[in-house]
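We use all heavy atoms of the structure for the numbers below, so side chains are in, but hydrogens, waters and symmetry mates are not.
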Amino acid sequence: QKEVEQDPGPLSVPEGAIVSLNCTYSNSAFQYFMWYRQYSRKGPELLMYTYSSGNKEDGRFTAQVDKSSKYISLFIRDSQPSDSATYLCAMNPWWAGGTSYGKLTFGQGTILTVHP
Amino acid sequence: GAVVSQHPSRVICKSGTSVKIECRSLDFQATTMFWYRQFPKQSLMLMATSNEGSKATYEQGVEKDKFLINHASLTLSTLTVTSAHPEDSSFYICSVGSGTDTQYFGPGTRLTVL
């Protein structure tokens with residue numbers, strides 16, 4: 001079983017739809033949670049960063065963390081064709097120490113297409 | 001967040017040659033940088049953790065003699081793919097670690113070995 005599970009999709013939605021992207025994890029030590037957006041042939045871009053259970057909103061994006069269920073989500077409201085990309089969840093422990101310091105564990109990535 | 005650049009963005013080389021990829025942290029002093037490779041439609045695979053002034057830590061299965069990493073300053077890390085072969089063709093991405101929490105990624109380098 002992978003430490004982080006993410007549905008690879010692909011996910012196709014019409015413009016204006018609400019998109020829900022999800023990851024589950026098994027390591028209860030994970031405390032920091034991130035969502036990255038990656039356009040084709042580009043490096044990942046940090047979208048959202050959270051470290052506690054609950055919701056965090058930034059414009060059309062809302063990140064949700066439920067540590068009791070080991071489940072995180074990213075919601076995109078009023079989706080646009082420019083949101084078409086691969087979305088990666090990532091996480092790391094409160095303190096890993098040693099050779100694991102700062103390492104991120106990634107989900108597989110979900111390919112999202114928003115069509116006009 | 002940190003701004004990270006990579007050079008070159010794309011490189012094509014012949015089998016057997018060595019290729020050097022540079023990763024620069026433009027506005028952040030990075031004691032730790034990470035090197036990843038990514039195959040089409042797959043997630044990022046961590047290759048190694050690069051610490052300024054010390055030897056890199058390689059992930060299991062990554063040949064350290066083939067993928068040479070040098071992190072000589074707080075703003076520059078280099079990855080050299082030695083004696084490259086077609087199976088080394090991939091998308092190589094570096095990132096800057098900002099502590100225990102997040103990483104900021106470069107734009108990536110596409111390596112094609114003929």
Next on the checklist: Assess whether a salt bridge exists between R77(A) and E57(A), defined as any Lys/Arg side-chain N lying under 4.0 Å from an Asp/Glu carboxylate O.
Outcome noted: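 Answer for the salt bridge query: yes.
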State, without any angle test, whether [X] and [Y] hold a side-chain donor-acceptor pair at a distance under 3.5 Å.
X: K56(A); Y: Q64(A); result: no
X: T32(B); Y: N51(B); result: yes
X: Y36(B); Y: E59(B); result: no

Checklist entry - At a heavy-atom separation under 4.5 Å, does Q38(A) approach chain B through its side chain, its backbone, both, or neither? => result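 For Q38(A), the side chain is the part near chain B, not the backbone.
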Checklist entry - Which bit of Y36(A) is near chain B, if near means a heavy-atom gap under 4.5 Å: side chain, backbone, both or neither? => result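 Just its side chain gets close to chain B.
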Next on the checklist: Does anything in residues 71-83 of chain B reach chain A? List residues with heavy atoms under 4.5 Å apart, or say none.
Outcome noted: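 Within residues 71-83 of chain B, no residue comes under 4.5 Å from chain A.
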Item to check | Greatest number of heavy atom pairs closer than 4.5 Å to chain B - which of G43(A), P44(A), G109(A) | outcome: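 That would be P44(A).
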Checklist entry - Which one, E45(A), M91(A), R41(A), leads in non-hydrogen pairs under 4.5 Å with chain B? => result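 Most pairs with chain B among the choices: R41(A).
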Checklist entry - Quick check: does any side chain N or O of Q80(A) sit under 3.5 Å from a backbone N or O of D78(A), one acting as donor and the other as acceptor? => result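 Yes.
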Item to check | Pairs meeting criterion salt bridge (Lys or Arg N to Asp or Glu O under 4.0 Å) with involvement of residues 24-53 of chain B, two or more places apart | outcome: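 Matches after skipping sequence neighbours: E22(B)-R24(B).
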Next on the checklist: Tell me the closest heavy-atom pair linking I69(B) and Y58(B), and the distance in Å.
Outcome noted: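 Taking I69(B) first and Y58(B) second, the nearest heavy atoms are N-OH, 3.2 Å.
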Item to check | Aromatic ring proximity, centroids under 6.0 angstrom, F33(A) and Y25(A) | outcome: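 Distance test on ring centres: under 6.0 Å, yes.
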Next on the checklist: Heavy-atom cut-off 4.5 Å, strictly under: side chain, backbone, both or neither for Q6(B) against chain A?
Outcome noted: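 Neither part.
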